[in-house]
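By convention here, the first residue in the shown sequence is residue 1. First listed ligand is number 1; within each ligand, the first listed atom is number 1. None of these values were measured; they are calculated from a predicted model.
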Amino acid sequence: MTVTPTQPTASHFVDGAYLEDTAGAEIAVIYPATGARIATVHSATPAVLEAALTSAQRAQKDWAALSGRERGRVLTKAAELIRARNRSLSELETQDTGKPLQETLVADATSGADALEYFGGLAASLTGEHIPLGEDWVYTMRQPLGVCAGIGAWNYPTQIACWKAAPALACGNAMIFKPSEMTPLSALKVAEIMMEAGAPAGLFNVVQGLRDVGAALATDPRIAKVSLTGSVPTGKKVYAAAAAEMKHVTMELGGKSPLIIFDDADIDNAVGGAINGNFYSSGQVCSNGTRVFVHKDIKEAFLSRLSARLKGVVMGDPLDEAVNFGPMVSERQMEIVLGYIAKGQAEGARLVAGGNRVDRAGYFVAPTVFADVTDDMTIAREEIFGPVLSVLDFEDEAEVIARANATEFGLSAGVFTRDFARAHRVIAQLEAGSCFINSYNDAPVEAPFGGVKASGIGRENSKEAINHYSQVKSVYVRMGDVEAAF
Ligand code: NAD
C-alpha cells in the first residue's frame, strides 16, 4: 500500500506484525475532503483470515491465563501510548473519515484511550461470587468467551475498535477486528500500539475487507462472539449468521432518535443540543436526535436561533483546525443524503437551511434544516446518516411520547425542559437505550451505550460491557456425602 509517515505499512495486522497479501481485492482509501486516493489496502484472503484465526486462538489461551491485573496493565499502557500520539492518530483519522481535526483531536483516539484505561482498570476486579447453601456452597467464575470478532462502521473507526477491544481483552478474550472498508487505516495503528504496550502477538488482529470478510468471521466456528457496529439491515444478517452457530452477539445499529424540546426549555441550550445531535461529524452519528420535536409555541423562536447559529459553520479542509464541518465519508453517502433531501422537499417539508451539495472539492453537504416535517414523511422515518435536521411540531406530552416511540428504532432519545419531574417522567417512557436530559450525544465510557428494538442488542462501555464479553460458570461444591435413590 501507499504510505505516508503516519500511515500503517500494510493492509492487515496479524500475529503481532503487519501483513500484506496483494492477492486480495484492492480497496481504495479516499480522502473525503478532496476525493483523492490516499492509500490502497487489500481485502483479506483466506490465508490472511486463517493466520488471524490461528494466532488469535493461540494468543487467547496465554492471555486468559494472566491475572486481570496483568491484562489491565497492557490496556492501560495502550491508553497512555494513544494519548501521547493523539495528534498523529487524529490526523490519520481525519484523512480516513474526513471528520474535522477539531473533532478527531477530542473525540476519537481520546475516546479509545478512555475505554482502554477504564477496562484496564476494571480487569483486576472481574470476580465471581460465593453463594453459601448451608454446609454446601456454589462459587461462580467469570470466564472469557474465546476469540471475538469486531466489525466496524466508518464514522468512528478508532473509537469503535477500542470500544470493542478494551472490554473483550479485559475479560481475557482475543479479538479479530474488521474495520469498515471505507475507513481501514486507524484500527491498524491501534493494533500496532497494543503490541507495543505488551499484548501478545495475535491477541488483537486487524483484517480488511468488505461484507464477505465480515461474513466469513461471523460464520467461522472458531469465533465465539460477534460485535457489530453498523446498519440495521446488516445487523439482521450478522445476527442470523451468528445464531446459526449459537454465538454471542453485540449489535450497535442505527437509529432515528427523538429529541423533544418543551416550551419551557432554555432555547439556546436546546439549539446547542440539536446542533450536537445533528451536525457533529456532519451528522454521521448513530445516536443523532434527527427527529427534533419542538413545542409549537416556541417553534419559530427555535428555528430563528438555529438559523443564526448555523452562521458559525466553518467548512474547509478538515485538517485545518479552524474548520468545524467536514464532508460526507464518501461520494455514495453524499448521494444518499442528497436523495433524502430531495424526498423531503418533494413530500412537502419546508426547507429552512442548506439542502444542497457545497460547491467545492470533496463530498460536502450543507447543514440542512427542514421544518413542518410530519411523522409519515420519509425523512422522519428513515435513518439518513447525514447533516439533515427535521423539526416536527407537537403540543401535548402524551402525544409527543407516542409519536417519538412510533419507530422500529430505539437507540437514543433526549428531552429539553426546565421541569425536572417532567424530564424524568418523559425519559422513562421513551423506548431508547441511551438517553439525555438537557444535553445530547454525550458518550462517556462510564455510561452504558446501546439501543433497544431494532437499534441493537447488548451494551458497550461501562461495567455492562463485561457481561457481554464473559460468561459465568457456576460450581456446586458438596461438603458431605452424596444421597442417591439407589
Ligand atoms: P454497514 O452496515 O454498511 O457496515 C458495517 C460493517 O459491517 C462494515 O464493516 C461492513 O463491511 C460490514 N458488513 C456489511 N455487511 C455484512 C455482512 N453481511 N456480514 C458481515 N459484515 C458485514 O454500516 P456503515 O454504513 O458502515 O455504518 C453506518 C451505520 O452504522 C448506520 O446505520 C449507523 O447508525 C450505524 N452505527 C451504529 C453505531 C452504534 O453504536 N449504535 C455507531 C456507529 C454507526
Side-chain angles (χ1 to χ4, degrees), residues 25 27 41 43-44 49 96-97 99 107-108 111 115 149-164 176-184 187 206-220 223 226-244 247 249-257 277 280-290 328-330 332-337 340 382-386 407-412 432-434 441 443 445 447-461 465 468:
I27 300 172
V41 297
S43 185
L49 280 177
D96 222 358
T97 60
K99 295 194 297 176
D108 289 271
S111 159
I151 303 176
W154 40 256
N155 57 345
Y156 282 80
T158 307
Q159 181 190 88
I160 292 170
C162 293
W163 280 19
K164 296 188 186 310
I176 301 176
F177 186 77
K178 188 201 87 64
S180 163
E181 57 273 29
M182 309 297 305
T183 54
V206 174
V207 297
Q208 307 295 349
L210 278 64
R211 66 183 56 179
D212 56 320
V213 173
L217 289 171
T219 50
D220 193 287
I223 295 290
V226 188
S227 176
L228 168 79
T229 297
S231 63
V232 171
T234 302
K236 288 180 179 171
K237 286 185 204 136
V238 175
Y239 196 0
K247 296 180 199 300
V249 293
T250 293
M251 295 282 147
E252 290 291 352
L253 309 176
K256 190 74 197 175
S257 301
Y280 201 72
S281 300
S282 297
Q284 303 165 112
V285 179
C286 51
S287 48
N288 272 356
T290 48
M328 299 290 92
V329 75
S330 65
R332 181 166 170 268
Q333 189 60 23
M334 178 186 73
E335 295 300 344
I336 290 172
V337 174
Y340 275 112
E382 297 182 14
E383 184 181 46
I384 300 174
F385 225 58
T407 167
E408 64 162 329
F409 299 108
L411 186 51
S412 291
S434 304
N441 263 352
V445 66
F449 182 81
V452 302
K453 292 157 72 177
S455 292
I457 298 280
R459 292 290 176 271
E460 294 197 310
N461 289 342
H468 300 287

Ignoring hydrogens and angles, tell me if any N or O in the side chain of Lys99 forms a donor-acceptor pair with the backbone of Asn155 under 3.5 Å.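 At least one qualifying donor-acceptor pair exists.
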Please answer whether the main-chain N or O of Val226 pairs with a side-chain N or O of Lys247 as donor and acceptor at a distance below 3.5 Å.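 Here the side-chain-to-backbone pair does not exist.
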Under a 4.0 angstrom heavy-atom cut-off, which atoms of ligand 1 come close to [X]?
X	answer
Ala215	19 (N), 20 (C)
Ser231	1 (P), 2 (O), 23 (O), 29 (C), 30 (O), 32 (O)
Ser180	9 (O)
Cys286	33 (C), 34 (O), 36 (N), 37 (C), 38 (C), 39 (C), 40 (O), 41 (N), 42 (C), 43 (C), 44 (C)
Leu411	41 (N)
Gly254	32 (O), 34 (O)

Please confirm whether Val232 approaches ligand 1 to less than 4.0 Å, judged on its heavy atoms.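 No.
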List the closest protein heavy-atom neighbour of [atom]: residue, atom name, distance to the nearest 0.1 Å.
atom	answer
atom 10 (C) of ligand 1	Glu181 OE1, 3.6 Å
atom 27 (O) of ligand 1	Ala153 CB, 3.3 Å
atom 21 (N) of ligand 1	Gly214 CA, 3.6 Å
atom 15 (N) of ligand 1	Arg211 CB, 3.2 Å
atom 24 (P) of ligand 1	Trp154 NE1, 3.4 Å
atom 28 (C) of ligand 1	Phe385 CE2, 3.7 Å
atom 12 (C) of ligand 1	Ile151 CG2, 3.6 Å
atom 5 (C) of ligand 1	Thr229 O, 3.6 Å

Mind listing the closest non-hydrogen atom pair of Ala115 and Val445 along with its distance?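 Answer, listing the atom of Ala115 first, then Val445: CA-CG2, 3.7 Å.
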What pair of heavy atoms forms the shortest contact from Pro179 to Ala187, and how long is it?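 Taking Pro179 first and Ala187 second, the nearest heavy atoms are CG-CB, 3.9 Å.
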Kindly say whether the aromatic ring centers of Trp163 and Tyr156 come within a distance under 6.0 Å.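 Not close enough - the centres of the two rings lie 6.0 Å or further apart.
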Look only at interatomic distance and state if [X] has a nitrogen or oxygen under 3.5 Å from any nitrogen or oxygen of ligand 1.
X	result
Ser455	no
Gly230	yes
Asn155	no
Gly152	yes
Thr234	yes

One residue to check: Tyr156. Relative to ligand 1, which of side chain, backbone, both or neither has a non-hydrogen atom less than 4.0 Å away?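 No part of Tyr156 is near ligand 1 at this cut-off.
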Once you restrict to heavy atoms under 4.0 Å, what part of Leu253 touches ligand 1? Side chain, backbone, both or neither.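 The part of Leu253 near ligand 1 is the backbone, not the side chain.
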Is there a side-chain contact between [X] and [Y] in this structure, where contact means two heavy atoms from C-beta onward sitting under 4.5 Å apart?
X	Y	value
Thr290	Ile384	no
Asn288	Asn441	yes
Trp154	Phe385	yes
Tyr239	Ile457	yes
Val232	Glu408	yes
Lys237	Arg211	yes
Asp96	Pro184	yes
Thr234	Leu253	no

Donor-acceptor pair between Lys164 and Ser227 side chains, under 3.5 angstrom: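 Yes - a donor-acceptor pair under 3.5 Å links their side chains.
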Measure from atom 18 (N) of ligand 1 to every heavy atom in Lys237, Glu252, Glu383, Lys256 and give the option owning the shortest one.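 The residue whose heavy atom sits nearest atom 18 (N) of ligand 1 is Lys237.
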